[in-house]
Every structure is written in structure tokens, then in C-alpha cells.
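Written below as C-alpha cells is the structure these notes are about.
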Protein chains: 2
Amino acid sequence: MTLAEAGEDQVVAQLVKALPNDARVLVRAGDDCAVVRHEPGLLLLKTDCVIEDVHFTRASSPRAIGWKALCRAISDVAAMGGRPGDGLITLAVPPSLQLSWVRGLYAGLRRAAETYRMNLVGGETARSLNGIFISVALTGYLPSGRYVTRAGGRPGDSIFVTGKLGGSLAGRHLRFEPRVEEAVWLNENFHLHAMMDLSDGLAKDLPRLARASGVGFRLDRAALPLNRGCTADQGLGDGEDYELLFTTALEEGTRLQAVWAQAFPRLKLSRIGELTAARTPVGRARGGYDHFRL
Amino acid sequence: MTLAEAGEDQVVAQLVKALPNDARVLVRAGDDCAVVRHEPGLLLLKTDCVIEDVHFTRASSPRAIGWKALCRAISDVAAMGGRPGDGLITLAVPPSLQLSWVRGLYAGLRRAAETYRMNLVGGETARSLNGIFISVALTGYLPSGRYVTRAGGRPGDSIFVTGKLGGSLAGRHLRFEPRVEEAVWLNENFHLHAMMDLSDGLAKDLPRLARASGVGFRLDRAALPLNRGCTADQGLGDGEDYELLFTTALEEGTRLQAVWAQAFPRLKLSRIGELTAARTPVGRARGGYDHFRL
């Protein structure tokens, strides 16, 4: 059965039935807005989208696409030191699409929401003429009350990255795990100066962090943690790693390195360089993904 | 200059520069997430999208499209009895698009945000292969602490609609005004049982309200407030009116009718029927817009 045959109201009703929602949710998908009780304190807000033939193809399973769509936004919330709260999904699809594809997508979204213990409180559907477009809006909260931006890096800071880089196109970009527990633990136990998640590749994202902080950087290419079979250029440029990139003062970094492996024995932590006083000229770190350069 | 020539970081920087933000906004567009201080109490959450050749064409001015994109979501927040708080814009566009078009769009978004005194705290850009896709995520808050859903209608309720209906395609769909002040005033001064905004046409939206409330309805076609030159069928079916549809107990409605014109002398209020105990069979109210039926 296609979406056109099912009709919009029925499609929305189908999708909404099984969305995870805790007691904080007073009104969920199906009304004009969702209504939630917000934890006291600051609120993180994020939107992000994935688009057919840009971020995924019809060859991938809709479950994996749903996972990726929500986990990208969760990764951004983690990169501020936060936990995801309430998500809303905007879905634009051609009427000829099979209902089963949409059900698969929502199964992936639901799995991500359950894994990271968040609510899905809204789902909007619309018709597109060409291709599938999935936009996620997400709130987040800060267990420690503190957040970490990209802008706090200081000269002399150690630069760290979690996990391994490169080779996302081999399929890793559909099944990555946002570093929520790691980010919250780091934010609660260490004084982080700057943090972001790696979405467009280190070669593009590290200069962004440095620019936001008004500093330069020195990268130790030999220290780059690479996925099996990847070159340093791939580690720098492939993008979609969704690992944490963050900086701390030198001594704080040493303290962190001493205890990391005990806290997260299965995830590598690498010191890959340092921030410098002199701004790094553009073009020194090549590669990475620019959404508007083809 | 096209977006491809400008490059993503520069485009985002350009767009973000002039976004309206008040003192509640601690981190705005440009970091992984926005960070805002939330008013104490409940939080409204909404996402909505407009798509090229579905909701607008390239023939319309990008300013008008920006206005429409944000005002649709503002209208949903109003329909709960709330005021808009913080908005985020997700924009997917082909790289060949002129930067001036995107600037025009943001001028329209900004004007809507300033008119309804809300923040624009985030802007995401992505590449699309075909057409322009604009998704808006919006938070809202409830000045009175109360919200109104679609589900509270009771048999015997009077059904009201603000403004006039029909003829949206003549251009009205690009310059409508969300009924925020009206909705907040209604919610603060009257006991509303159910409310929603009219986006897909009364013929489609009234049955939704009735179904959500578990009741039926009797519509007085002669009482339909129609825009100049529109037939009753157009008033019922054109959609995109963005007026408020709400119900109250009979006596409460009479009290409201006695004072409405003094509060809002320039906006019509019409009693267009009543809710009934017997559910209204599907198909009794024809017309309206179904996103998946072409």
C-alpha cells in the first residue's frame, strides 16, 4: 500500500501509535503542538536533516536511515554536554512511497529514541515531489547545568578525539553511536574548554572550533586514531564520524588520560594535537565536506 | 553569487548575523545547539515544513515564503493558547540557488519573528538535489499556564471561527496573520473546550476536532464567514486559512460574542454550528486538503 492509498490522517495515526513518551509528555503527536513538562534550567535546541541521495540512498534500510536521522541530532546535544529530551520528526515523501518504508523509518527512529531514553512527541508528514526529506528537531537538557561551546578553546589546550576516524562510507555512517554518556561524564568531571561533534570531518571541523575560539591549532597526524584500512587523509576528510572533538588545559588533559580507560574501556581516547596562539591559515588542513561545494 | 560559490560556512555566517535574539538566548546559531533560558512551566513544541511546488513556487517572493514558513508554526502555537518562543530553521536548497534568494527568505523569517516577538536561535543549511525545502521548529510558552487541545469538545458546544474563509490561493496563503493575541486572550478570559488552527480547510479540520473529542458536529453553512468572491465550497475546502477554530459551552459562547467586537474590532468572529453527541459520518463534510491524495 502506498501513502497516497492510505491517506494522511491514517498514516500519521499509524506512526504515532508506538512512539516512546514518558510522564513528562502531556500532549503528544496529533494535536497542533506537543506539550511537555520541561526540566528546570537551560534548554538545548537543535534541528538537523537528512536527504535522499545526499545523506542516504533508497538502497539502505529505512530502519538504518531512521537511526541515523535521529542520532545525528542526539550527537549535537551530546557535543554541548547534554542529554536528549524531546524529539519531533518532519517527514516529506512522495505519495508513491510504500507505507512499509515509512514504518521501517519510524522503527529506526523509535529504536534510537529508546536507546538514548528520550521522547518522540511529534511527527509531521508532508508531500514532496522528489525524494525523501527527514528533518529532526530535538530539545536537550544539561544534567550538570553547564554546557560546552566551540568557542572556549585556549592556546596550549590539548586537543582530544574519541573513537576512530575515517571510512564512514563503508556503512559506519548509518550505525554510529552518539557519545552521550561520554560527553556527560566529561562535562561533569572535567573542565572542558571547547567541544563539538565531528560531522563534516576533522579537516573541516577542527578549523571551525579553532576559529570560534579565536586560536590556531597544531595537528599531530601520526596520532590520528584511524579505522581499519583508512589512511590519514580519509580520517581527516571522510566526515560523518560523530565522535567528540574537545579541548582541555594541558594538566586537565593529563588527569583525564589517566582515568579514561577505566571509565570507558571500549572506546579509544586520543590526544591529537594542541591549540596555538597564532591563528592557523585557512587551507592548512585540507579535506572535509562542504555542503555547497560539489 | 550562488550558494556553491559562497560556501556553506560563509552562507551560514551571513544568515545568522541579523537573527533576532533576546537576553534569554545564551548560545545562538553557529554552535552544535542553541542554548536558551526557558520560562518556568510547560513547553510547547512544533515542527512544520513548506516545500517548493507543494506549498509555494519560485514565482513568489522569498520574503513572502519566509513569512509563511514561520507563521504556519506560530499559528499552531497560538492554536494551543500559547505564544512563540524560540525558532530554528532547517533549509535544504540546490547549490545553484542564488544567495540573494536565501537572504530574501531570511528577511521574511526575521520579519515574522520580530512581529511576533520571538527568537530565531538556529539555522541549519543542507544541499538538496531537487527543489527548496524549509522546515521550522518552534517552542512556545503558555502565559496563563493553560493549554487547549483538539480533544476537549463536548456535545452542545458552540463552534466558532475567527476571520473569513476561502480564497487562499489568490495570495492570502502567503500573507496571513497568526491569531496569537486573539488566542491568548481567548484562553485567558474564557473556558475553551477545544481549539485548533485551520490549515487544511474547515471540511477536513472540523471533522478532526470532532473525532479527537469523540463527538459529532452540525455545521450551519449559511453562517460560514467567506472572503469576498468565495463560495461556501471554497470556504470549506480551499485550506490555508490559518484562522482559529474553537468550541465553548453555549453560555460561555454567548458571553464571548457580547465582548469580542470590543476586544478585536477588526476581526470577525462567527458561530458556525455546534458539536453533537452522535458522531458525524465520514464524508458528510467534503473538501479540504489531504497531503497524500493528488
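These numbers come from the heavy atoms of this one structure, side chains and all, not from hydrogens, waters or symmetry mates. By convention in this document, chain letters (A, B, ...) are assigned in the order of the sequence lines, proteins followed by strands, and residues within each chain are numbered from 1.
- Contacts of B:S135 with chain A are made by side-chain atoms alone, with heavy-atom separations under 4.5 Å and no backbone atom involved.
- Shown here are the ring-ring contact (aromatic ring centres under 6.0 Å, His included) partners of A:F160, two or more places apart in sequence or in another chain: A:F246.
- Minimum interatomic distance between B:I51 and A:R127 (heavy atoms only, all atoms of both residues): CD1-O, 3.2 Å.
- Counting heavy-atom neighbours within 6.0 Å of B:R37 CZ, excluding the residue itself, gives a total of 12 or less.
- Rounding to the nearest 0.5 Å places SG of A:C49 at 12.0 Å from CD1 of B:I134.
- Legend: side-chain hydrogen bond (donor to acceptor under 3.5 Å, both in side chains) pairs involving residues 93-103 of chain A, not counting sequence neighbours, sorted by first then second residue: A:Q14-A:R103.
- In this structure, chain B has heavy atoms under 4.5 Å from both the backbone and the side chain of A:V77.
- For B:V36, the parts lying under 4.5 angstrom from a heavy atom of chain A are both the backbone and the side chain.
- In this structure, no portion of B:A212 lies under 4.5 Å from any heavy atom of chain A.
- Few gaps surround CZ on B:R58; more than 12 heavy atoms of other groups in view lie less than 6.0 Å from it.
- Here the side chains of A:L42 and B:H38 are not in contact, with every heavy-atom distance at 4.5 Å or above.
- Heavy atoms closer than 4.5 Å to chain B are found in the backbone of A:I89, but not in its side chain.
- Residues B:K46 and A:D32 fail the side-chain proximity criterion, which asks for heavy atoms closer than 4.5 Å.
- Looking at A:D31, its side chain does come within 3.5 Å of a backbone N or O of B:R150 through a donor-acceptor pair.
- Interface check for chain B: of the options A:E52, A:M195, A:M196, the most heavy-atom pairs under 4.5 Å are formed by A:M196.
- Options B:V27, B:V35, B:D86 differ in how many heavy-atom pairs under 4.5 Å they form with chain A, and the most are formed by B:V35.
- The residue from B:V136, B:T90, B:T47 that alone fulfils the side-chain contact (heavy atoms from CB on, under 4.5 Å) condition with A:T47 is B:T90.
- In this structure, the side chains of B:N130 and A:L129 stay at 4.5 Å or more apart for every pair of heavy atoms.
- Side-chain contact between B:L26 and A:Y147 is present, with heavy atoms from C-beta onward closer than 4.5 Å.
- When heavy atoms are compared at a cutoff of 4.5 Å, A:L45 approaches chain B by way of both its backbone and its side chain.
- Counting heavy-atom pairs closer than 4.5 Å to chain A, the top residue among B:A92, B:C33, B:A137 is B:C33.
- Heavy-atom distances place the side chain of A:T139, and not its backbone, under 4.5 Å from chain B.
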